[in-house]
Trainee: 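What follows is a single structure, and I will ask about it in a moment.
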Amino acid sequence: MTQRLLDKVALVTGGARGIGLSVARAFAREGARVVIADINHAEAETAAAGLEGGRAMAVAVDVADAGSVQAMIDAILAAHGRVDILMNNAGVGGNTPFLETSLADWNRIVGINLTGAFLVAQACAREMVKSGGGKIVNIASLSGQRGGNGRAAYGSAKAGLELLTKVMAVELAEHDINVNNIAPGAIETEMAKFAHDQATRAAYNYLIPMTRYGTPDEIADAAVFLCSDESRYVHGHTLNVDGGFRAAGLMFKRDAGPAA
Ligand SMILES: NC(=O)c1ccc[n+]([C@@H]2O[C@H](COP(=O)([O-])OP(=O)(O)OC[C@H]3O[C@@H](n4cnc5c(N)ncnc54)[C@H](O)[C@@H]3O)[C@@H](O)[C@H]2O)c1
């Protein structure tokens, strides 16, 4: 099998578990030198040790803290000298009604999902400018495209990230830095277990044409494409990986019989 990311230095934030871990595994299979950066360092180290090829490293980071992000970049440069790929994935869920969203909640969720993604992308892009190019994939969300219950802070942060992706694509094209966005729908991870109660799950399964949650590996497959040369003319794009949720309007089964 061809290794589409052979020897690329690939940073995956939030790579200790969930979608990030699946992406890290896929990048390692494709030959990349993977860096798993996570606030949960112990879990990140275990994850890195388990990756194919034995070339992965783990770095501790709080993406919402500028000093911590710079320390992460310094550690990667010391080990590898450059960053070729950023999977800007670290995030936290939120499921608090608008009227009950406190300022502290808002600041925490926006701080990690939007400000954190900005800090990491900017720090990586500055290095990519010096080394002559790279690939950045931000992880936004369907929740940043539609108004869903409980998603005031989370959805606003992800909508902001989708727009930030477009600005980055415009400004970074001249540096050969390719920037895109993946918007997952409902994906079966620990975050979904935390943020999706029974009512949320039922609503999703009703609204998704494919009538099921996605898997982290289905996001990882899209990430490999967007980080490989195959996607070289895809730029500033949001790739929804959502079982058709964003496309859907009226949905009913043809054999359901006439309306009463
Ligand atoms: N699961 C879904 O249904 C879904 C849907 C749309 C978007 N997303 C997005 O996908 C990404 C991954 O989600 P997941 O479901 O795998 O979540 P998860 O909770 O399973 O994993 C998130 C990882 O990010 C790390 N992390 C959290 N805060 C951090 C911080 N401040 N600094 C560094 N690392 C931090 C966690 O330790 C964890 O390892 C997130 O950005 C999330 O918003 C998920």
Side-chain angles (χ1 to χ4, degrees), residues 11-26 35-48 58-73 86-95 107-121 123 137-146 148 150-151 153-162 164-165 181-197 200-201 203-205 207-208 212-220 222-223 238-243 245-246:
L11 167 61
V12 183
T13 65
R17 70 177 199 186
I19 290 171
L21 178 55
S22 281
V23 171
R25 284 188 183 129
V35 180
I36 293 184
D38 204 288
I39 201 163
N40 186 339
H41 191 49
E43 220 174 323
E45 286 206 306
T46 307
V59 181
V61 71
D62 176 357
V63 296
D65 179 308
S68 177
V69 169
Q70 193 51 53
M72 169 189 72
I73 297 294
L86 165 62
M87 185 72 185
N88 211 0
N89 165 80
V92 287
N95 195 8
N107 284 339
R108 185 178 68 85
I109 289 172
V110 173
I112 296 170
N113 291 305
L114 180 56
T115 310
F118 157 73
L119 289 171
V120 175
V137 176
N138 294 321
I139 295 282
S141 175
L142 190 70
S143 296
Q145 300 168 336
R146 298 291 177 89
R151 303 294 194 271
Y154 181 77
S156 301
K158 292 298 192 181
L161 184 56
E162 198 168 317
L164 178 63
T165 303
N181 199 22
I182 290 176
I187 307 298
E188 202 59 82
T189 66
E190 292 303 313
M191 177 186 284
K193 281 182 195 136
F194 160 76
H196 297 192
D197 57 19
T200 309
R201 281 179 178 275
Y204 266 123
N205 285 327
L207 291 167
I208 297 169
R212 66 167 176 87
Y213 275 42
T215 67
D217 284 349
E218 287 169 330
I219 304 296
T238 294
L239 176 55
N240 273 56
V241 183
D242 62 5
F245 189 129
R246 194 184 192 187

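Both counts, for ligands and for their atoms, begin at 1 and track the order of listing. In this chain, residues are counted from 1 in sequence order.
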Trainee: Using a 4.0 Å cutoff against the non-hydrogen atoms of S141, which atoms of ligand 1 qualify?
Mentor: 6 (C), 7 (C)
Trainee: With nothing but distance in play, are any N or O atoms of L142 less than 3.5 Å from an N or O of ligand 1?
Mentor: no
Trainee: Look at atom 13 (O) of ligand 1 and say which protein heavy atom is nearest, naming residue and atom and giving the distance to 0.1 Å.
Mentor: M191 CE, 3.8 Å
Trainee: Show the atoms of ligand 1 that are less than 4.0 angstrom away from any heavy atom in G18.
Mentor: 16 (O), 20 (O)
Trainee: Counting heavy atoms only, which part of A186 comes closer than 4.0 Å to ligand 1: side chain, backbone, both or neither?
Mentor: backbone
Trainee: With rounding to the nearest 0.5 Å, note down the distance linking CZ in F245 to CG in L207.
Mentor: 4.5 Å
Trainee: Only heavy atoms of N89, strictly under 4.0 Å: list the atoms of ligand 1 that pass.
Mentor: 10 (O), 11 (C), 12 (C), 40 (C), 41 (O)
Trainee: Going from CD1 on I139 to CD1 on I182, what distance comes out if it is rounded to the nearest 0.5 angstrom?
Mentor: 4.5 Å
Trainee: What atoms of ligand 1 come closer than 4.0 angstrom to any heavy atom of R17?
Mentor: 18 (P), 19 (O), 20 (O), 21 (O), 38 (C), 39 (O)
Trainee: Any atoms of ligand 1 less than 4.0 Å from a non-hydrogen atom of V61? List them with their elements.
Mentor: 32 (N), 33 (C)
Trainee: Enter the distance from D62:CG to N40:CG here, rounded to the nearest 0.5 Å.
Mentor: 12.0 Å
Trainee: Roughly how far apart are L161 CG and T115 OG1, rounded to 0.5 Å?
Mentor: 10.5 Å
Trainee: Have a look at G20, S22, G91, A90 and point out the one with the heavy atom closest to atom 22 (C) of ligand 1.
Mentor: G91
Trainee: Mind checking whether M87 and T13 have side chains closer than 4.5 Å, heavy atoms only?
Mentor: no
Trainee: Is it the case that the side chain of D38 and the backbone of A16 share a donor-acceptor pair, with hydrogens and angles ignored and the cut-off at 3.5 Å?
Mentor: yes
Trainee: Please could you name the atoms of ligand 1 that I19 approaches to less than 4.0 Å, counting only its heavy atoms?
Mentor: 10 (O), 16 (O), 44 (C)
Trainee: Considering only the protein, which heavy-atom contact is closest to atom 28 (N) of ligand 1, and what is its distance?
Mentor: V92 CG1, 3.8 Å
Trainee: Go through ligand 1 atom by atom and flag the ones less than 4.0 Å from a non-hydrogen atom of Y154.
Mentor: 6 (C), 7 (C), 8 (N), 9 (C), 42 (C), 43 (O)
Trainee: Does ligand 1 have any atom that is closer than 4.0 Å to a heavy atom of G185?
Mentor: yes
Trainee: Starting from atom 23 (C) of ligand 1, which protein heavy atom do you reach first, and at what distance in Å?
Mentor: G14 O, 3.5 Å
Trainee: Numbering the atoms of ligand 1 from 1, which are under 4.0 Å from a heavy atom of I139?
Mentor: 9 (C), 10 (O), 11 (C)
Trainee: For atom 36 (C) of ligand 1, what's the nearest protein heavy-atom neighbour? Residue, atom name and distance, please.
Mentor: D38 OD1, 3.5 Å
Trainee: Give a yes/no verdict on whether any heavy atom in G116 is under 4.0 Å from an atom of ligand 1.
Mentor: no
Trainee: Would you say N40 and ligand 1 have an N/O pair spaced under 3.5 Å apart?
Mentor: no
Trainee: Please state which part of A140 comes within less than 4.0 Å of ligand 1, counting heavy atoms only: side chain, backbone, both or neither.
Mentor: backbone
Trainee: Distance to 0.1 Å, residue and atom name: give those for the protein heavy atom nearest to atom 32 (N) of ligand 1.
Mentor: V63 N, 3.0 Å
Trainee: Considering only heavy atoms from C-beta outward, does the side chain of V61 approach that of S68 to under 4.5 Å?
Mentor: yes
Trainee: Tell me: protein heavy atom nearest atom 29 (C) of ligand 1, and distance?
Mentor: I39 CG2, 3.8 Å
Trainee: Please work out, at 4.0 Å between heavy atoms, whether the side chain, the backbone, both, or neither of E43 comes within that distance of ligand 1.
Mentor: neither
Trainee: For the CG atom of D242 and the CD atom of Q145, what is their distance to the nearest 0.5 Å?
Mentor: 7.5 Å
Trainee: Would you kindly say whether N205 and R212 are connected by a side-chain donor-acceptor distance under 3.5 Å?
Mentor: no
Trainee: Determine whether T238 and T165 make a side-chain contact, defined as any pair of heavy atoms from C-beta on separated by less than 4.5 Å.
Mentor: no
Trainee: Within the structure, does D62 bring an N/O atom to less than 3.5 angstrom of an N/O atom in ligand 1?
Mentor: yes
Trainee: For ligand 1, which part of T189 has a heavy atom less than 4.0 Å away: the side chain, the backbone, both, or neither?
Mentor: side chain
Trainee: So, does D217 use its side chain to make a donor-acceptor pair with the main chain of A220 at under 3.5 Å?
Mentor: no
Trainee: Side chains of N113 and K158, heavy atoms from C-beta outward: is any pair under 4.5 Å?
Mentor: yes
Trainee: Between I187 and ligand 1, does any nitrogen or oxygen pair lie at a separation below 3.5 Å?
Mentor: yes
Trainee: Is a side-chain donor or acceptor of R246 paired with a backbone partner of L142 at a separation under 3.5 angstrom?
Mentor: no
Trainee: Could you tell me the separation between the CG atom of N95 and the CE atom of M191, rounded to the nearest 0.5 Å?
Mentor: 11.5 Å
Trainee: So does T215 get a backbone contact from the side chain of E218, meaning a donor-acceptor N/O pair under 3.5 Å?
Mentor: yes
